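Notes for the one structure printed next.
Being a predicted model, the structure only gives us computed values, none of them experimental.
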Amino acid sequence: MKAELQKQEERTATIFAGDYLNKITGEKIELECRRKIQAGCDTLVVNFSETEIVNSIGVSILLGVIDAASQAETKVVFTEVSEDTSQLFEMLGLTNHVTMQ
Amino acid sequence: MLEHQQQKLIHTFSALADIGQEVAHKNNFQEMIQTSLHLLLGSLAIMRGGVARYSKFGHELNFLAVRGLGDDFPLSATLEMSDEREFLNTGMSEIELSQAKMLAFFQRYQKVLSRKKIEMIMPLIVRNELVGIVFLGEKASGDPFSKEDKAVVQAMARHIGVGIHQRNLMAELARRAEENRQLYEDMRLTYKDTVKAFATAIDCKDKYTEGHSVRVGKYSEIIAEELGWKEEEVEGVAVAGYLHDVGKLTVEKNIINSPKRINAKEFKELNKHPAVGYEILMPIQHPYTDVPLAAKYHHERLDGRGYPDGLKDNEIPYIAKIVNLADSFDAMTTDRPYKRRRPINEVVEDMQRNSGTQFAPELVTAFCSGLLKEVQGKDKSRRFRRLLGPEYLEFEGLEPILRSALDDVNATSSLTLIASN
Ligand SMILES: [Fe+2]
Ligand SMILES: [Fe+2]
């Protein structure tokens, strides 16, 4: 049971969106996510605890992550998303593709 | 719900503002396009898309940035003339793929566009010119593009179009500048060759002073360099040196080539060469304005005892003073039919002695400092040795003589300065 839990943890990768998400340098975060997906994780957790707002560049980068994940059939989870951002994701339809936690 | 709408509106409007900033202020074109594509896709949460630039000359569409289109997406496409016309007819408004079937371009690329789920394209038209096309995929929400969405896409695409247009103008400007530079360079080379051919022609006439004009050109160049002049100024002075005796072309050959000292009448004839040189050079469009003046006044002296006009110090064009020193140095350091060249120490002493009366003191300094550099081995080009022959400078004690000449002349020149104040 314990071993299984650990195994499951191993197949979950967590990435912090941070502040960079909103600039062109945010492409690095996308790249990091793609690497984790390629490495075979089956759940990708994007943590927004350090992200105050998400602008259009940030949304575009997240869409890149979602696209890569859907091709690999990796589940994407967004956690610790602020209420405003959460509303925005819903309006834009991002929530159709990810699990909000 | 209203609050949600507001959230989305703010999001879209910030993207619109950001893209304007991006196009206006980013210097890196590639990054500007990449960021603009992010902003456009992110503003409406569009899953995929690309920005392509249209090259009128190659009728080619080249993608500058793509997102979510995969590695197998073709990054360039050909546009027929008729496609271009059709896009121009459409103007800057969206074309939905579902309605675009009649356009030839779509018939050709339909397969790949629908496989990549491209839903809409927007031609980028600036000043009635097709500069590119934006391709957009489906929205993350799965909803079709609303009227408002299309307006946002159009506004943002307009910015991107302007960015590409600006870039095209810059490239065109750079291309023309480069063309001009090359043209100018060609002209300069032609001019240089002509000048050298002239110098050779002048020197041919005078068999005893073979290579005189070329050497005077080189010495003049050294002086200007020592003065710290700019490259093109140095070049101008060298040209003046090459051409200073061009007037000799009209002087009787037997006067120039006389093996003995010439008489007064012959001297008068020979002394016409500066004025004649000026007449020859004046009508020519030189890249350097002072070249004819150098020919006219290269036999003037600071003390007013030169010819043709007996000008004094400040009245003599600076370039003529340089050529005068170079000319005198060559006269002293080459064999003449009636007289052997003088040893270098005497020549330096002569320049020193005549500094302030015949020669401008700071020019003597410049010349001596150029000589000193070569004697000390600091100037690896060995240009004096090449002009004077390898042994001529092998004179023991030349270095201290040059040093003291430099000190001496410096003193004189500052004295002159105080006196003239
Ligand atoms: Fe002369
Ligand atoms: Fe001369």
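- N180(B) CG: more than 12 foreign heavy atoms inside a 6.0 Å radius.
- Neither the backbone nor the side chain of Q71(A) has a heavy atom closer than 4.5 Å to any heavy atom of chain B.
- Few gaps surround CD on Q182(B); more than 12 heavy atoms of other groups in view lie less than 6.0 Å from it.
- Heavy atoms of L88(A) lying under 4.5 Å from chain B belong to its backbone as well as its side chain.
- Heavy atoms closer than 4.5 Å to chain A are found in the backbone of L44(B), but not in its side chain.
- We find the CD1-CG distance between I57(A) and L37(B) to be 10.5 Å, quoted to the nearest 0.5 Å.
- Around CD of E185(B), the count of heavy atoms belonging to other residues, nucleotides or ligands within 6.0 Å exceeds 12.
- Only one option out of T85(A), D84(A), V59(A) pairs with H11(B) in a side-chain contact (heavy atoms from CB on, under 4.5 Å); it is V59(A).
- Taken from CE in M32(B) to CD1 in I24(A), the straight-line distance is 11.5 Å, to the nearest 0.5 Å.
- Around atom CZ of F73(B), more than 12 heavy atoms belonging to other residues, nucleotides or ligands sit under 6.0 Å away.
- We find the CG-OG distance between N55(A) and S43(B) to be 10.5 Å, quoted to the nearest 0.5 Å.
- With a 4.5 Å cut-off on non-hydrogen atoms, I46(B) touches chain A through its backbone but not through its side chain.
- Enclosure of atom CD in E178(B) by more than 12 non-hydrogen atoms of other residues, nucleotides or ligands within 6.0 angstrom is indicated.
- Using modelled atom types, one finds no donor on one side chain facing an acceptor on the other under 3.5 Å when comparing S56(A) with H38(B).
- For R181(B), the CZ atom is densely surrounded, since the number of other residues' heavy atoms within 6.0 Å is greater than 12.
- Within a 6.0 Å radius of CZ in R175(B), other residues, nucleotides and ligands contribute more than 12 heavy atoms.
- Using a 4.5 Å cut-off between heavy atoms, I53(A) makes no contact with chain B at all.
- Annotation: the span from R48(B) atom CZ to S60(A) atom OG amounts to 11.5 Å, rounded to 0.5 Å.
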Working note: R67(B) + L63(A), criterion side-chain contact (heavy atoms from CB on, under 4.5 Å); need CA distance, chi angles, decisive distance, verdict. CA-CA 9 Å; R67(B) 296 272 303 157; L63(A) 290 174; 5.6 Å; no
Result block: side-chain N/O donor-acceptor pairs under 3.5 angstrom for residues 90-101 of chain A, not counting sequence neighbours:
from	atom 1	to	atom 2	distance (Å)
N96(A)	ND2	S141(B)	O	3.3
H97(A)	NE2	A140(B)	O	2.8

